[in-house]
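First listed ligand is number 1; within each ligand, the first listed atom is number 1.
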Amino acid sequence: MSQTLIAPSVLAADFANLQRDVEMINKSEADWFHIDIMDGVFVPNISFGMPVLRDIVKHATKTIDVHLMIVNPDQYIQTFADLGSNILTVHYEACTHLHRTLQAIKAAGMKAGVALNPHTPVSHLKDVIADIDLVCIMSVNPGFGGQSFIENTYQKVKELKQMITDAGAATKIEIDGGVTNKNAQQLKEAGADVLVAGSYVFRSEDPIATVAGLKELTK
Ligand code: DX5
Ligand code: ZN
């Protein structure tokens with residue numbers, strides 16, 4: 001079985017010391033940078049936008065995994081490609097024509113991801129699963145870091161893993177929200193490929209050691 005990828009969420013970084021925190025993640029065993037873009041409409045919070053992402057990309061040496069929590073994501077696909085995003089994830093709940101959106105993301109040269117809110121069943125992705133590079137299962141309600149993990153997530157991961165296997169697809173499963181050393185191993189066992197961790201990494205005393213701990217738990 002392949003190693004689980006760890007994606008620290010920059011939302012929990014110190015924005016007044018962003019370069020320092022990006023370089024710290026570069027040095028760590030983390031695999032991806034998870035970038036949360038919120039518009040204050042799709043979710044009840046505003047995070048940061050294009051200029052901040054541009055500066056993160058300048059210093060980051062790992063895959064840029066962008067999670068759009070915005071309405072009308074189609075409008076910004078090319079912009080996020082130009083900024084250097086490697087993976088672009090849109091919300092199922094924000095896309096009326098999801099199949100078209102997925103094709104547009106890939107045509108812009110990025111991997112295409114779909115995020116599911118806690119109330120959205122994974123079965124809604126059945127007819128497009130082979131077109132999706134990454135499914136991001138929200139294990140909290142999107143909008144804020146530091147919330148507690150929703151236990152029903154394990155069941156969703158197992159169901160999604162089965163759907164991917166049945167379709168013979170290569171889709172990766174990412175878990176986002178409330179990830180810690182308490183649930184990492186069980187998530188991997190359920191079928192998770194990528195774990196996003198924000199406050200658990202950045203609020204710890206030694207984030208580099210915390211990332212190493214997550215890697216060790218999910219070997
Ligand atoms: C929530 C974001 C998450 C968040 C995770 O809306 O999508 O990526 O940063 O933060 P933690 O790990 O603190 O729950
Ligand atoms: Zn996220």
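- The aromatic rings of Phe15 and Phe48 sit perpendicular to each other, their planes meeting at more than 60°, with 30° as the lower class boundary.
- In summary, the side chains of Asn86 and Thr63 do not present any donor paired with an acceptor at a separation below 3.5 Å, with no hydrogens or angles considered.
- Checking Thr210 against Ser204 by side-chain atom types alone, a donor-acceptor pair falls below 3.5 Å.
- Listed as neighbours of ligand 1 are Ser9, Leu11, His34, Asp36, Met38, His67, Met69, Met138, Pro142, Gly143, Phe144, Gly145, Gly146, Asp176, Gly177, Gly178, Val196, Ala197, Gly198, Ser199, each bearing a heavy atom under 4.0 Å from the ligand.
- Below the 2.8 Å limit, the Zn ion (ligand 2) has as protein N, O or S neighbours His34 NE2, Asp36 OD1, His67 ND1, Asp176 OD2.
- Judged purely by distance below 3.5 Å, without hydrogens or angles, the side chains of Ser123 and Glu159 never pair a donor atom with an acceptor atom.
- In this structure, Phe149 has its ring center at least 6.0 angstrom away from the ring center of Tyr200.
- A donor-acceptor pair shorter than 3.5 Å can be found between the side chains of Asp36 and His34.
- In this structure, Ile129 and Ala167 approach most closely via the heavy-atom pair CG2-CB, 3.7 Å.
- Across all non-hydrogen atoms, the minimal contact from Leu116 to Pro121 is CD1-O, 4.3 Å.
- A salt bridge is defined here as a Lys NZ or Arg NE, NH1 or NH2 lying under 4.0 Å from an Asp or Glu carboxylate O, and Lys215 with Asp31 meets this definition.
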